[in-house]
Trainee: 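One structure, pasted below without further comment.
A, B, ... follow the sequence lines: proteins, then strands. Residue 1 opens every chain. Every heavy atom of this structure was used, including side-chain atoms; hydrogens, water molecules and symmetry mates were not.
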Amino acid sequence: MDSIDKIAYQADENVVISARGLGFRRGERWIFRGLDLTVRKGEFIALVGPSGAGKTTLLSCLCGLLQPQEGEVWVRPNAVANPQQPRACRRHFGIIFQSLNLISNADLLTNVQCGRLGRYGFLRTLLGFPGNESCEAYQLLADLGVGADPYKWVSEMSGGEQQRVAIARALFQSPALYFADEPVSNLDTYYAGRVLGLLRQQASQLGRSVCCVLHDPSLISRWADRTIALHPDDPSAWRMRDVRPQAKELQGAGL
Amino acid sequence: MSDSNPQEKSRPLSSDPMPRPHLPSLPKRPWYERLNALNMTLLIFLLAVVFSGFFVSGSGRSVNVIENLSRFAQDFFPPDWSVLDRTAAALLETVVIAILATFFAIVVSLVLAVGAAQNLAPSWVVISIRMGLNMIRTVPSLIWAVIAVVAVGANAVAGVIALTFYSIGYLGKFFSESFESMNMDVARSLRGIGADPLQAFQYGIWPHARPMIWSHSIWMLEYNIRSASIIGYVGAGGLGLQLHAYQEYGQYDRFATVLICILVVVTSLDFLSEWIRRRIKRRTDRNLSH
Ligand SMILES: Nc1ncnc2c1ncn2[C@@H]1O[C@H](COP(=O)(O)OP(=O)(O)OP(=O)(O)O)[C@@H](O)[C@H]1O
Ligand SMILES: [Mg+2]
């Protein structure tokens, strides 16, 4: 599996994630099994399925937070590097968690700047973040409508505002790969479109890749290239679908 | 729209607007599942209380408690304020000893506590540091003072050394328990986007642990001020020397003055820590989501 995959990477330098035969089991129950997924540069992939189908679990396997019991995941965040295990290239992953996982006792600016912890060593961030980047972090907050007071604590923000702070953290990190778990679940239509538009722009214009859990069919058809649908009762019944037929030729056959 | 619908009108008012599927009844929970660790602890503790009640008994003679106590209390009143300036000087030394000891103990304990927290360190480190902390706590502060006086002589430095060791035993335990009670999700998510373990601790755990750490530290300072007034009994500086002398000569009115001074300092510290805790709570408790 290992060597075949490396060959696949050499054949297509646009492949960023390659998952083969992925299976994850919780207790006796397989959440998904035999799942193949290839993510290329510039792609926006939507993970869909009813609640409890395993979308968060799949996302966690792809970004190395969970270790799948079967199959393997290879990641190549930039074209020159060799494919690696997800755990080895964590700093290239921007993750928007379903439960946000912000530092509630710290101000918004600090939370956003935490996105770049992986870029700097411990000593660089021991006494705070590089000051010349604060403005960039603040502008991202302002862009998402939460820039009124960047020194407020996260615990003093509403649910939707906190979600936008989490998105700002990922955008500030500016990673090669975005993993977003229902990033617009608490947002109104305007900001949902704004956020997905920004992620889409990261993919289309900067060649980043986005894996995003989405529920709303209209948002999926508007922003995503492909969907992978998980079935809550049948672990092998996952399905891959192109939602942008015109994009099919560009991405090649494969999946 | 629904008003014009004849079917809608003919439906009886009491009926469910939406037909429901057959819903399952609540599954029964076996009684023994209630015997979790918390409930068992409560049960065992209550049994221990009842049991202990049978074991404790007084001298058996009938004693006049009220008279004994009032005779004793009369000796304390009125307090003799003539020793106030001498007391103030010794009190200052006591507070200085307590502040230094608490500071050194906080610094050492923070490092030890990370090693003693099960969610942050490998278990062999946790076990060995906890053993050490237990041994430190086993030794009373007065014994630490005796040891320190033997080592560096009868002065305030001995007091600082004694109380530093004594406090490490407590703060190390409290701090590590604070770290263990932290939600690890934030730290884990920072690790997930590439932060190293120290960064994840600094940004993911420390902001949440900080209020508890300060609260424990102020408690320890208060405790150390009280301890620092005792260790003078064995010559380790502070108020204790004075207390010892007044007690020896039966000058309980002067003794009372010293106690009142300690009370004032301890009470103001208590207010301070309460104020800090309230301020932190006000910022973190505002939302339903936390
Ligand atoms: N930590 C856990 N321990 C045990 N089971 C879990 C855990 N997390 C999730 N599960 C189970 O795994 C299944 C998939 O969970 P997952 O969180 O991946 O679902 P999801 O598709 O993200 O759902 P949602 O849309 O509600 O977020 C669920 O049935 C859930 O009960
Ligand atoms: Mg989920």
Trainee: For the ring pair Trp275(B) and Phe271(B), is the centre-to-centre distance below 6.0 Å?
Mentor: no
Trainee: Quick one: is the NZ or CZ of Arg208(A) closer than 6.0 Å to the six-membered ring centre of Tyr178(A), and within 45° of its axis?
Mentor: no
Trainee: Given the side-chain rings of Tyr170(B) and Phe175(B), with only the six-membered ring counted for Trp, is the space between their centroids under 6.0 Å?
Mentor: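 Between Phe175(B) and Tyr170(B), which both carry aromatic rings, the centre distance is not below 6.0 Å.
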Trainee: Does any N or O in the side chain of Ser158(A) come within less than 3.5 Å of the main-chain N or O of Glu161(A), such that one atom is a donor and the other an acceptor?
Mentor: yes
Trainee: Does any heavy atom of chain A fall under 4.5 Å from the side chain of Arg188(B), the backbone, both, or neither of them?
Mentor: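 Backbone only.
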Trainee: Among Ile193(B), Asn183(B), Val186(B), which residue forms the greatest number of heavy-atom pairs with chain A at distances under 4.5 Å?
Mentor: Ile193(B)
Trainee: Report which part of Ser60(A) has an atom under 4.5 Å of a heavy atom belonging to chain B: side chain, backbone, both, or neither.
Mentor: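 For Ser60(A), neither part sits under 4.5 Å from chain B.
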Trainee: Run Leu214(A) and Val184(A) through side-chain contact (heavy atoms from CB on, under 4.5 Å) and show every step you take.
Mentor: CA-CA 8 Å; Leu214(A) 282 176; Val184(A) 296; 4.0 Å; yes
Trainee: Below 4.5 Å from any heavy atom of chain B, which atoms of Ile95(A) appear? Answer side chain, backbone, both or neither.
Mentor: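 Its backbone and side chain both get close to chain B.
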Trainee: Measuring heavy-atom distances to chain A, does Gln199(B) have an atom under 4.5 Å in its side chain, in its backbone, in both, or in neither?
Mentor: both
Trainee: Report which part of Asp185(B) has an atom under 4.5 Å of a heavy atom belonging to chain A: side chain, backbone, both, or neither.
Mentor: both
Trainee: Is the distance from the ring center of Trp144(B) to that of Phe165(B) below 6.0 Å?
Mentor: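 Yes - the distance between ring centres of Trp144(B) and Phe165(B) falls below the 6.0 Å cut-off.
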Trainee: Between Leu126(A) and chain B, which part of the residue has a heavy atom less than 4.5 Å away: side chain, backbone, both or neither?
Mentor: both
Trainee: Taking atom types as modelled, find out whether Ser185(A) and Gln163(A) have a side-chain donor-acceptor pair closer than 3.5 angstrom.
Mentor: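 There is such a pair (donor and acceptor under 3.5 Å, judged by atom type) between the side chains of Ser185(A) and Gln163(A).
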Trainee: Indicate whether the side chain of Thr267(B) and that of Asp270(B) have a donor and an acceptor atom separated by less than 3.5 Å.
Mentor: no
Trainee: At a heavy-atom distance under 4.5 Å, which candidate from Pro207(B), Ala187(B), Ala195(B), Ser189(B) has the highest pair count against chain A?
Mentor: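 Highest number of heavy-atom pairs under 4.5 Å: Ser189(B).
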Trainee: Which region of Arg169(A), side chain (C-beta onward) or backbone (N, CA, C, O), has a non-hydrogen atom less than 4.5 Å from a non-hydrogen atom of chain B, or is it both or neither?
Mentor: side chain
Trainee: Can you tell me which portion of Leu190(B) sits under 4.5 Å from chain A's heavy atoms? Options are side chain, backbone, both or neither.
Mentor: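 Leu190(B) touches chain A through side-chain heavy atoms alone.
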Trainee: Give the member of Phe122(A), Tyr120(A), Phe93(A) that has the highest number of heavy-atom pairs under 4.5 Å with chain B.
Mentor: Phe122(A)
